[in-house]
Amino acid sequence: MKKEMYCESCLMPIKTRDDLITVWAFFKVRPYHRACYANSLKGAATLFVSNQPINGFSGNFTAFVAFILAWIPLFTDVTWGLTVVCVLIVLMRLYSFIRFEKQLPL
């Protein structure tokens with residue numbers, strides 16, 4: 001039996017993967033309903049924290065680009081700082097998938 005996942009905003013259970021939005025806020029990945037995420041964008045917290053979603057098209061695209069950019073220092077003289085940042089982005093996307101998305105039905 002899988003553990004239920006609850007929205008950080010309304011504290012109601014999230015039932016499907018389509019209704020899930022994961023956000024990295026205050027050094028923690030947090031799950032939200034789509035409606036609760038849209039309402040939280042209007043709040044004052046977005047002035048201090050970037051509430052960019054980790055999952056969905058934008059998160060997948062960002063992780064894909066970060067994966068490609070992580071390989072650049074292997075073939076050029078670019079600093080390794082770019083690789084570290086890109087690997088962290090890809091790992092955050094993987095963590096979001098394993099911790100939250102994999103537990104929910106499609």
Side-chain angles (χ1 to χ4, degrees):
M1 185 170 170
K2 294 187 178 186
K3 184 179 169 186
E4 282 193 345
M5 190 177 323
Y6 295 97
C7 176
E8 288 283 325
S9 180
C10 68
L11 303 177
M12 297 295 291
I14 300 172
K15 301 287 185 190
T16 63
R17 210 181 281 186
D18 291 335
D19 199 25
L20 173 71
I21 297 287
T22 54
V23 176
W24 188 52
F26 298 111
F27 303 103
K28 185 178 176 185
V29 177
R30 299 168 189 246
Y32 287 99
H33 285 112
R34 285 196 183 272
C36 296
Y37 173 73
N39 289 336
S40 71
L41 283 178
K42 299 173 187 170
T46 57
L47 297 175
F48 305 109
V49 179
S50 173
N51 285 338
Q52 191 69 20
I54 297 173
N55 62 339
F57 178 76
S58 64
N60 291 337
F61 183 75
T62 303
F64 178 74
V65 170
F67 180 77
I68 299 298
L69 289 177
W71 288 89
I72 289 176
L74 295 175
F75 304 109
T76 62
D77 276 344
V78 177
T79 61
W80 286 89
L82 174 68
T83 300
V84 171
V85 171
C86 291
V87 167
L88 288 175
I89 290 171
V90 172
L91 288 176
M92 190 180 335
R93 177 66 186 109
L94 285 174
Y95 174 76
S96 171
F97 178 76
I98 292 169
R99 171 72 171 85
F100 298 107
E101 293 177 51
K102 194 174 178 183
Q103 295 180 10
L104 295 173
L106 293 173

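Starting from 1, each residue takes its place in the sequence as its number.
In this pair, Trp71 and Phe67 present their aromatic rings perpendicular. The plane angle is above 60°, beyond the 30 to 60° band.
Residue Val85 is found in a hydrophobic cluster whose other members, listed by chain and number, are Ile89; membership requires side-chain heavy atoms under 4.5 Å apart, directly or through intermediates. Through direct or relayed side-chain contacts under 4.5 Å between Ile, Leu, Val, Met, Phe, Trp and Tyr, Leu88 connects to Val84.
Taking both residues in full, the closest heavy atoms of Ala70 and Val87 are given as CB-CG2, 4.3 Å, listed atom of the first, atom of the second, then distance. Here the shortest heavy-atom pairing between Leu104 and Lys15 reads CD2-O, 3.9 Å. Minimum interatomic distance between Pro53 and Val23 (heavy atoms only, all atoms of both residues): CA-CG2, 4.5 Å.
In the hydrophobic clustering of ILVMFWY residues, with side-chain heavy atoms under 4.5 Å counting as a link, Phe97 and Tyr32 come out apart. A continuous path of Ile, Leu, Val, Met, Phe, Trp and Tyr side chains, each step under 4.5 Å between heavy atoms, connects Val29 with Leu20, placing both in one hydrophobic cluster. Note on Val90: it clusters hydrophobically with Ile68, by side-chain heavy-atom contacts below 4.5 Å among ILVMFWY residues.
Side-chain contact check for Ile14 versus His33: some heavy-atom pair is nearer than 4.5 Å.
The CG atom of Asn39 lies 14.0 Å from the CZ atom of Arg34; values are rounded to the nearest 0.5 Å. Atom CD of residue Glu8 and atom OH of residue Tyr37 lie 14.5 Å apart, to the nearest 0.5 angstrom.
The salt bridge (charged side-chain N to carboxylate O under 4.0 Å, His left out) pairs that include a residue from residues 53-74 number zero, where partners must be two or more places apart or lie in different chains.
Residues passing the side-chain hydrogen bond (donor to acceptor under 3.5 Å, both in side chains) test with Ser96 are Thr22, sequence neighbours excluded. With sequence neighbours left out, Asp18 forms a side-chain hydrogen bond (donor to acceptor under 3.5 Å, both in side chains) with no residue at all. For Tyr6, the side-chain hydrogen bond (donor to acceptor under 3.5 Å, both in side chains) test picks out Glu4, with sequence neighbours left out.
No donor-acceptor distance shorter than 3.5 angstrom exists from the side chain of Asn55 to the backbone of Glu101, with no hydrogens or angles considered.
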